[in-house]
Amino acid sequence: MATREVKKPRSLPSYPEMILKAIEALNEENGSNKTTISKYIESTYGGLPQGHKALLNVHLAKMRDSGELVFWKNNYTIRDPDAPPRRGRGRPPKTKDTPSLGVMSAPSRPRGRPPKDPNEPPRTPKAKTSGGSGRPRGRPRKMARPSGGFDSPPPSTVVGGSPSGRGRGRPPKMKGPLAGISVEQ
């Protein structure tokens, strides 16, 4: 049996170490962007894995989220421990107030309407006050439809005059001896 020789790649430092060394070596005023960091690592270490760019992106994001690096205007810089943290855009989040151990606060009330007490006597209903006009609220109810259909006039309206005045809508066509005659001048 033949034994295979496995070529081990020379040991590379971890990605966070390589990133920090690259940013320190480049020493740019506003920090270094991804491409310059990647080019520096490729030129210095060589023999990087095939997924180098993806690994670099993942490690840069982890270091940015953990606070090791500061990402500002598309550049990465090493965080200065003495500098105050930079504020992002928008409104800052509310601070969490933690009560001190010596001070007792009232228990927080639950949300929503409190439950009714089953032992409480029933309340008397409030008397309704009228608005003064005597009319019910809202839109008036529809009147009943005529039973004769749409062609015949409703029973309350009589041709020649009605006590309530003219009916609604366009008047019906006249049927009779004058209907076919046209007036010419």
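- Here Arg79 contributes atom CZ and Thr77 contributes atom OG1; the two are 10.0 Å apart, rounded to the nearest 0.5 Å.
- Taking CG from Leu48 and CE from Met18, the interatomic distance works out to 6.0 Å, rounded to the nearest 0.5 Å.
- A distance of 11.0 Å separates CD of Glu68 from NZ of Lys62, quoted to the nearest 0.5 Å.
- With a 4.5 Å cut-off on side-chain heavy atoms, Leu69 and Ile78 count as touching.
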Query - Step-by-step side chain to side chain contact (heavy atoms under 4.5 Å, CB included) determination, Ile23 to Tyr76 - result: CA-CA 8 Å; Ile23 292 173; Tyr76 292 92; 4.1 Å; yes
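- With a 4.5 Å cut-off on side-chain heavy atoms, Met63 and Leu20 count as touching.
- Judged by distance alone, the side chain of Ser43 and the main-chain N or O of Tyr40 form a donor-acceptor pair under 3.5 Å.
- Classified by interplanar angle (parallel below 30°, tilted 30° to 60°, perpendicular above 60°), the ring pair His59/Tyr15 is parallel.
- Two residues are said to be in side-chain contact when any heavy atoms from C-beta on lie closer than 4.5 Å; Asn30 and Lys73 fail this criterion.
- One finds the CD1 atom of Ile19 at 5.0 Å from the CG atom of Leu56 (value rounded to the nearest 0.5 Å).
- Linking Ile, Leu, Val, Met, Phe, Trp and Tyr residues whenever their side-chain heavy atoms come within less than 4.5 Å places Leu55 and Phe71 in a single cluster.
- Counting non-hydrogen atoms of neighbouring residues, nucleotides and ligands closer than 6.0 angstrom, the CD atom of Gln50 reaches no more than 12 such neighbours.
- With a 4.5 Å cut-off on side-chain heavy atoms, His52 and Ile41 count as touching.
- Taking OG1 of Thr36 as the start and CD of Glu28 as the end, the distance is 5.0 Å to the nearest 0.5 Å.
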